[in-house]
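Written out below as structure tokens is the structure these notes cover.
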Amino acid sequence: QVQLVESGGGLVQPGGSLRLSCAASGPTFSMYALGWFRQAPGKEREFVAAIRRSSISTIYADSVKGRFTISRDNAKNTVYLQMNSLKPEDTAVYYCAARLILATYYTDNYYRDRSNYNYWGQGTQVTVSS
């Protein structure tokens, strides 16, 4: 069982930056793939970014590519989402998600699919507004 707790959300002006953190419990953090998803009011939860167990391979939604960076620190059981050049359309509740990975390889689309994650945090609000 993994528990995830997000932090770092808040109000920021367009063009600003925020760094979200997600702290995980459990001794096998390095065996989990981790993802960030977001949900705006009246919309479905959508994929933002994911990082494989390897910590080298990352995947991004087209809407955030080049602006957001996902990273993980296995020693601290924490995954991060650095968000730069924020836009009003980035406003949403951001959720951290985790999936135990035992197979050798999954495609990028596997990590984009929220139904493949079985652990979720409670979410943190990000509001981009002047």
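Keep in mind that what you see is a predicted model, and the values were worked out from it rather than measured.
Using a distance-only test at 3.5 Å, with no hydrogens or angles considered, a donor-acceptor pair links the side chain of Arg67 to the main chain of Ser85. Arg53 contributes a side-chain N or O that, together with a main-chain N or O of Ile101, makes up a donor-acceptor pair within less than 3.5 Å. Asp113 contributes no side-chain N or O that, together with a main-chain N or O of Tyr110, makes up a donor-acceptor pair within less than 3.5 Å. In terms of modelled atom types and a separation under 3.5 Å, the side chain of Ser25 and the main chain of Val2 share no donor-acceptor contact. With Glu6 contributing its side chain and Cys22 its backbone, the two residues share no donor-acceptor pair below 3.5 Å. Listed for the Asp90 side chain is no donor-acceptor partner under 3.5 Å among the backbone atoms of Val128. Looking at Tyr117, its side chain does come within 3.5 Å of a backbone N or O of Tyr111 through a donor-acceptor pair.
Phe29 and Ile51 end up in the same hydrophobic cluster when Ile, Leu, Val, Met, Phe, Trp and Tyr side chains are linked at under 4.5 Å.
With rounding to the nearest 0.5 Å, the separation of CG in Leu100 from OG1 in Thr28 is 6.5 Å. The line from CD of Gln1 to CG of Asn118 is 9.0 Å long, rounded to the nearest 0.5 Å. Once rounded to the nearest 0.5 Å, the distance linking CD of Glu44 with CZ of Phe37 reads 12.5 Å. Between Leu81 atom CG and Leu34 atom CG the span is 11.5 Å, to the nearest 0.5 Å.
Shown here is Glu89, whose CD atom has more than 12 heavy atoms of other residues, nucleotides or ligands within 6.0 Å. For Gln125, the CD atom counts as densely surrounded, since its 6.0 Å shell holds more than 12 non-hydrogen atoms of other residues, nucleotides or ligands.
Across Tyr32 and Arg72, no two heavy atoms sit closer than the pair O-NH1, 2.7 Å. Residue Arg52 comes nearest to Asp108 through the heavy atom pair NH2-OD1, 2.9 Å, listed as atom of the first residue, atom of the second, then distance. Gly123 and Val93 make their closest contact through CA-CG1, 3.8 Å (heavy atoms, listed as atom of the first residue, atom of the second, distance). The two residues Leu4 and Gln122 make their nearest non-hydrogen contact at O-OE1, 3.6 Å. Of all non-hydrogen atoms in Tyr60 and Ile70, the two that sit nearest each other are OH-N, 2.9 Å. Across every non-hydrogen atom of Leu20 and Val126, the tightest pair is CD2-CG2, 4.0 Å.
Using a 4.0 Å cut-off between charged side-chain N and carboxylate O, Lys65 and Asp62 make a salt bridge.
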Q) Can you list the steps and then say if Asn84 with Ser17 is a side chain to side chain donor-acceptor pair (under 3.5 Å)? A) CA-CA 4 Å; Asn84 299 329; Ser17 298; 2.9 Å; yes
Q.
Quick one, Ser21 with Lys76, criterion side chain to side chain contact (heavy atoms under 4.5 Å, CB included). Give me CA distance, side-chain angles, the key distance, then yes/no.
A. CA-CA 11 Å; Ser21 299; Lys76 296 182 178 179; over 6 Å; no
(Q) Show, in sequence, the C-alpha distance, side-chain angles and deciding distance for Asn74 and Met31, and conclude whether the side chain to side chain contact (heavy atoms under 4.5 Å, CB included) test is met. (A) CA-CA 9 Å; Asn74 288 341; Met31 296 182 65; over 6 Å; no
Q | Audit row: Ser71, Gln82, side chain to side chain contact (heavy atoms under 4.5 Å, CB included) steps and yes/no | A | CA-CA 8 Å; Ser71 61; Gln82 178 66 44; over 6 Å; no
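Side-chain contact between Tyr95 and Gln39 is present, with at least one heavy-atom pair separated by less than 4.5 Å. The shortest distance between side-chain heavy atoms of Pro88 and Pro14 falls below 4.5 Å. The closest side-chain heavy-atom distance from Val12 to Thr127 is not below 4.5 Å.
For the pair Arg114 and Trp120, the cation-pi criterion (under 6.0 Å, within 45° of the ring axis) is not fulfilled. Remark: Arg99 is not positioned above the aromatic ring of Tyr119, lacking an NZ or CZ atom under 6.0 angstrom from the ring centre and at most 45 degrees off the axis.
Using a 30° and 60° split on the angle between ring planes, Tyr94 and Phe68 fall in the tilted class, from 30° to 60°.
Here Phe47 and Trp36 keep their ring centres 6.0 angstrom or further from each other.
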